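No experiment lies behind these values; they were computed from the predicted model shown. Note that these values count all heavy atoms, side chains included, but never hydrogens, waters or copies made by symmetry.
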Number of protein chains: 2
Amino acid sequence: MPFKTGRAFLIMARTKDFDEEEVLRKAICIFWNKGYNGTSMQDLVDGLGISRSSMYDTFTDKHTLYVKSLERYQKAADEQVCNLIKSAPGAKAAIKRLLELTVNDLIGDDQQKGCFMVNAEIELASHDDCVKDVICRSVQQMEEAFYMAIVKGQQSGEIQTRQDARALARFISNTIKGLQVSAKSIKERAFFDDIIKTTLSVLD
Amino acid sequence: MPFKTGRAFLIMARTKDFDEEEVLRKAICIFWNKGYNGTSMQDLVDGLGISRSSMYDTFTDKHTLYVKSLERYQKAADEQVCNLIKSAPGAKAAIKRLLELTVNDLIGDDQQKGCFMVNAEIELASHDDCVKDVICRSVQQMEEAFYMAIVKGQQSGEIQTRQDARALARFISNTIKGLQVSAKSIKERAFFDDIIKTTLSVLD
DNA sequence: GACGTTTTGGAATACTCATTCCGAAATAAA
DNA sequence: TTTATTTCGGAATGAGTATTCCAAAACGTC
């Protein structure tokens, strides 16, 4: 009972030694690298820098921590994409920059983690409804962001109108997913550049 | 010692109760559905229809069985693609049919297993050199099959020559990988049709 | 500084995992 | 049928798993 009755004054106790957000960032990296089934609670204890009890106390259990990590990653990724699209001079430039940045990040990662969202989709989407929901939200948001950018691009004449904007948005999303898979085993930039170049040609 | 010395006559013993190939087919399905880390030896004992000791006796251990399953799957998939390309009337028709067949298989699978090769690439390629080798061989063979078909298509004037054949082959491979990821959480045909349609438009 | 509460580290628990082992059953040739 | 050998089923092993528990340390308020 943290409150005293009568004169209601709070009795505080020991404060948390760690920053929950920072721990979550570390958890993301671990799950991202080794997957859900590939990560043990011991791995997390070793990597998060907090004790087992603090972990369970703060994040309930492994599954809850995983989903929370995934949601956090999804939110950050979505914001990044939206900001990039907003700040770019036009729709085509936005998509070009996004593809290039994605490949840069993928290639630059020595651990070859790929994309946390894609990794989760492959490992768990068909067996874990909770994870599936996060994935579907992410797919939806991504598609919608591309869709709106492409519609604008088509209105301004920057992007061809032979294909409808929805199809183009899905096509771009699909290309990105493919890149994120290949980055798991391939590191040669030329390989990715070929795909980016060909993909962008569809918009002309 | 199965051989007697002197007059070299073989002494035979009990024969295996199961067909190794058939067991391997079952193993493929189980690993394909649940992944390497998600599959326990108990799952395999239950699913393969042979005893634990027969499993270890025939396939050494879990990892060996997994790699053998993956190799078998890879070989069958490669043959299927090559046959399809050979039998199709032209390069463009071959690629179109391949994309459509792939999506049909993906959507038709109630378990939403996706592609065993892609699943393995995501789960293990960056941590398991043995698996990585199988993946890379598969990627290479697939790209090469597309490359040769596309070169022919370009020579016959069926496929545009603005992009080089290597880039187009990689682009098609990448599209397929994307589809195989999305099939893990999406089942609406329209979604996949949009991507196929847009992808094929690149060849015109 | 003392009290009441929370956090913390690490031991303890209960379970599942991959792998090994062993005795009994099966089989082909002698 | 006997013999030599292998397969087979299931129990046994030992390491690794997620989770719980507890006593001691930490801290804000009194």
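- Residues T102(B) and D105(B) bring no donor and acceptor atom of their side chains to less than 3.5 Å of each other.
- If you measure from atom NE2 of H63(A) to atom P of dA18(D), you get 13 Å, rounded to the nearest angstrom.
- In summary, R72(B) and E21(B) engage in a salt bridge, as defined by a charged side-chain N under 4.0 Å from a carboxylate O.
- For the OP1/OP2 pair of dT7(D) and a distance below 4.0 Å, the side-chain nitrogens and oxygens of S54(B) include no atom meeting the criterion.
- dG9(C) atom C1' lies 15 Å from atom OH of Y56(A), rounded to whole Å.
- Rounded to an integer number of Å, the gap from M55(B) CE to dT20(C) C1' is 13 Å.
- Each of dT7(D), dT17(D), dT19(C) was ranked by its minimum atom distance to the side chain of S40(A); first place goes to dT17(D).
- What separates CZ of F59(B) from P of dT7(D) is a distance of 12 Å, to the nearest Å.
- Rounded to a whole Å, the CE atom of M41(B) is 20 Å from the P atom of dA12(D).
- The side chain of K62(B) sits closest to dA18(C) out of dA18(D), dA18(C), dT7(D).
- Between T39(A) and K62(A), the closest heavy-atom pair is O-NZ, 2.7 Å.
- Between the side chain of S53(B) and the base of dG9(D), at least one donor-acceptor pair of N or O atoms lies under 3.5 Å.
- In this entry the distance linking CG of N37(B) with C1' of dG16(D) reads 13 Å, nearest Å.
- Each of R52(A) and T58(A) has a nearest nucleotide on DNA chain C; the 5'-most of these lies closest to T58(A).
- Counting any heavy atom pair closer than 4.0 Å across all strands shown, T39(B) reaches sugar-phosphate atoms only and no base atom.
- Across the protein-nucleic acid pair, D43(A) atom CG and dG16(D) atom P stand 12 Å apart, rounded to whole Å.
- Rounded to an integer number of Å, the gap from Q42(B) CD to dG10(D) C1' is 11 Å.
- For S51(B) and dC8(D), the shortest distance from a side-chain N or O to OP1 or OP2 is not below 4.0 Å.
- The side-chain heavy atoms of R52(B) and Q42(B), taken from C-beta on, include a pair separated by under 4.5 Å.
- Smallest separation of non-hydrogen atoms from G38(A) and N37(B): CA-ND2, 3.8 Å.
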